[in-house]
Amino acid sequence: MKKILQQYTGVALGFLLMASMHSCKDSKTISSKEKNRPVGKVYVTTLDQSQLLAESELYQTQSKSSEQLPVIQINPGKTYQEMDGFGYTLTGGSAMHIHKMKDDARHALLKELFGRDASSIGVSYLRISIGASDLDAAPFSYDDLAEGETDKNLEHFSLANDTLHLIPVLKEIIKIQPNIKILGSPWSPPTWMKTNNDTRGGSLKEEFYDSYARYFVKYIEAMKAEGITIDAITVQNEPLHPGNNPSLLMEAEQQKEFVKNHLGPVFEENNINTKIIVYDHNADRPDYPITILNDSVAAKYIDGAAFHLYGGEVDAISKVHEAHPDKNLYFTEQWVGAPGDFAKEMNWHTENLIIGATRNWCKTVLEWNLAADENQEPHTDRGGCDRCLGAITIKGDNVIREPAYYIIAQASKFVTPGSVRIESNLLKDLPNVAFSTPKGKIVVIVQNKNKKEQSFLLQLEKETLEVKLPAQSVGTYVI
């Protein structure tokens with residue numbers, strides 16, 4: 001943190017002072033030379049799509065009416081959570097579509113998504129499924145057996161399904177972005193571990209708690225052998241939604257027991273450093289992770305809790321921080337429904353996730369599936385999502401960039417891993433969030449909810465910058 005603030009002082013403040021920015025309390029005459037000197041950049045996406053990540057220079061300006069403008073005050077001296085990144089879920093279906101592209105087209109796409117140059121959007125965090133999700137063609141686990149058989153010692157464990165598309169694509173991504181963080185989430189254990197012997201619903205049999213804990217260890221070690229580091233796992237995707245396929249019902253007390261007496265100790269026994277994250281479901285039930293974290297023995301194994309927002313309000317996530325401020329929070333999933341209303345999705349997701357989730361202590365913001373085809377395929381039967389629009393739609397080697405692409409890009413391109421959220425005041429029609437990056441930049445993401453262009457002031461300590469943002473748009477200011 002000290003290093004970041006030193007960089008900020010040495011780079012951003014020096015940059016601002018060199019640009020002779022004026023204070024709204026002490027307006028000064030600005031020379032023509034100073035007016036023409038850029039002090040930063042802004043990247044704008046409008047809800048009508050007339051601008052998509054449109055880049056322009058920020059110049060020092062001065063108007064007679066500046067004192068009447070709304071002010072976003074940025075205080076880099078007050079810091080919150082460090083960011084791990086922004087990204088998507090690389091579902092099995094997403095990996096399949098990407099892997100089937102021609103080599104040059106696939107490489108160009110992955111470089112655009114995960115690279116760090118001017119033409120890339122810098123995705124820095126991925127979620128993948130442990131076994132199948134509902135956006136695979138069919139459910140599977142890593143230890144599927146004939147009905148009536150069991151494999152308590154996991155002798156038949158195999159990543160074979162993942163080697164077809166997922167692992168090859170992950171290896172290409174890692175070559176482009178070696179430091180990308182990967183979160184694994186299971187939709188269901190092997191059916192022989194479950195009370196209903198079905199991929200959908202049911203609960204984990206107590207007699208297989210230890211086997212399932214070792215299943216996670218085998219998964220992490222097998223991925224490591226492929227050169228893929230699993231930074232964190234969630235214990236169960238949407239544990240209160242057993243109607244998906246695959247899925248599992250796991251109440252809070254069951255998850256606490258599993259982590260406390262099985263998963264945590266087995267990770268410790270096998271020197272597994274992968275983070276354990278609980279819950280991974282909607283913000284309407286902050287009591288679920290709090291119940292688990294209230295147990296001090298379980299809590300010692302747990303890094304934090306993860307959330308979706310298909311139910312509840314994003315502010316409820318902060319209740320977990322208030323109850324357990326030593327634990328980390330993550331936002332791990334939100335879908336966009338096909339065919340995708342750009343204005344509606346960009347507006348809601350920016351306010352609630354990019355701004356809302358980060359202002360409520362989340363270290364990640366992840367949209368749902370990275371890629372699908374024009375028919376939103378593949379998906380499982382009996383509860384698989386048949387309307388989940390990918391961040392990109394892939395037709396052969398052609399790529400269409402959908403709402404979630406721009407929702408995430410507006411942050412991922414600029415708020416790099418290790419950035420720290422800093423204080424900014426929240427205005428009704430100008431929702432915003434601010435960060436200090438490891439390279440000393442200040443990044444402010446602002447949403448203009450007004451139906452007309454909005455002028456406002458960005459105030460950074462004693463320096464003030466007057467800016468404009470088009471009607472109904474999102475702007476990322478990099479200073």
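This structure is a prediction, so every number in the text was calculated from the model and none was measured.
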Applied to residues 181-206, the ring pair (Phe, Tyr, Trp, His ring centres under 6.0 Å) test, sequence neighbours excluded, yields W187-W368, W192-F208
Closer than 4.0 angstrom, basic N to acidic O: yes or no for R421 and E82? no
Quick one about N347 and Q447 (side-chain donor to acceptor, distance below 3.5 Å, no hydrogens or angles considered), yes or no? yes
Looking at residues at least two apart in the chain, or sitting in another chain, which of them share a side chain to side chain donor-acceptor pair (under 3.5 Å) with D48? T46, S50
Measure the acute angle between the ring planes of F258 and Y209, then classify it against the limits of 30° and 60° as parallel, tilted or perpendicular. perpendicular
For E238, which residues count as a side chain to side chain donor-acceptor pair (under 3.5 Å) partner, sequence neighbours excluded? H308
Scan residues 160-184 for pairs that pass ring pair (Phe, Tyr, Trp, His ring centres under 6.0 Å), counting only residues two or more places apart or in two chains. H99-H165
Parallel under 30°, tilted from 30 to 60°, perpendicular over 60°: which one fits the rings of Y43 and F414? tilted
Going by side chain to side chain contact (heavy atoms under 4.5 Å, CB included), name the residues that satisfy it together with L52, two or more places apart in sequence or in a different chain. T45, Q49, F342, Y406
With S129 as reference, evaluate D136, L166, T91 under the side chain to side chain contact (heavy atoms under 4.5 Å, CB included) test and give the passing residue. D136
Are D287 and R285 within salt-bridge range, i.e. N to O under 4.0 Å? yes
For residues N448 and S473, is any side-chain donor paired with an opposing acceptor at under 3.5 Å? no
Provide the full list of salt bridge (charged side-chain N to carboxylate O under 4.0 Å, His left out) pairs with a residue in residues 161-183, sequence neighbours left out, each pair given once. D84-K181, R106-E172, K171-E226
Non-neighbouring partners of A343 that pass side chain to side chain contact (heavy atoms under 4.5 Å, CB included), sequence neighbours left out: L47, D341
Within residues 193-280 or reaching into it, pairs that qualify as disulfide bond (SG atoms under 2.5 Å apart) - sequence neighbours excluded: none
Indicate yes or no: at least one non-hydrogen side-chain atom of L170 is less than 4.5 angstrom from one of M223. yes
Please enumerate all residues that pass ring pair (Phe, Tyr, Trp, His ring centres under 6.0 Å) together with Y219, with sequence neighbours excluded. Y142
Below 4.0 angstrom, N of the basic side chain to O of the carboxylate: do D303 and K327 qualify? no
Tell me, please, which residues at least two apart from D326 pass side chain to side chain contact (heavy atoms under 4.5 Å, CB included). H324
Pairing residues for K413 by the side chain to side chain donor-acceptor pair (under 3.5 Å) criterion, not counting sequence neighbours: none
K41: what forms a side chain to side chain donor-acceptor pair (under 3.5 Å) with it, not counting sequence neighbours? E55
Using the six-membered ring wherever Trp is involved, compare the ring planes of Y80 and W361 and label them parallel, tilted or perpendicular (cut-offs 30° and 60°). perpendicular
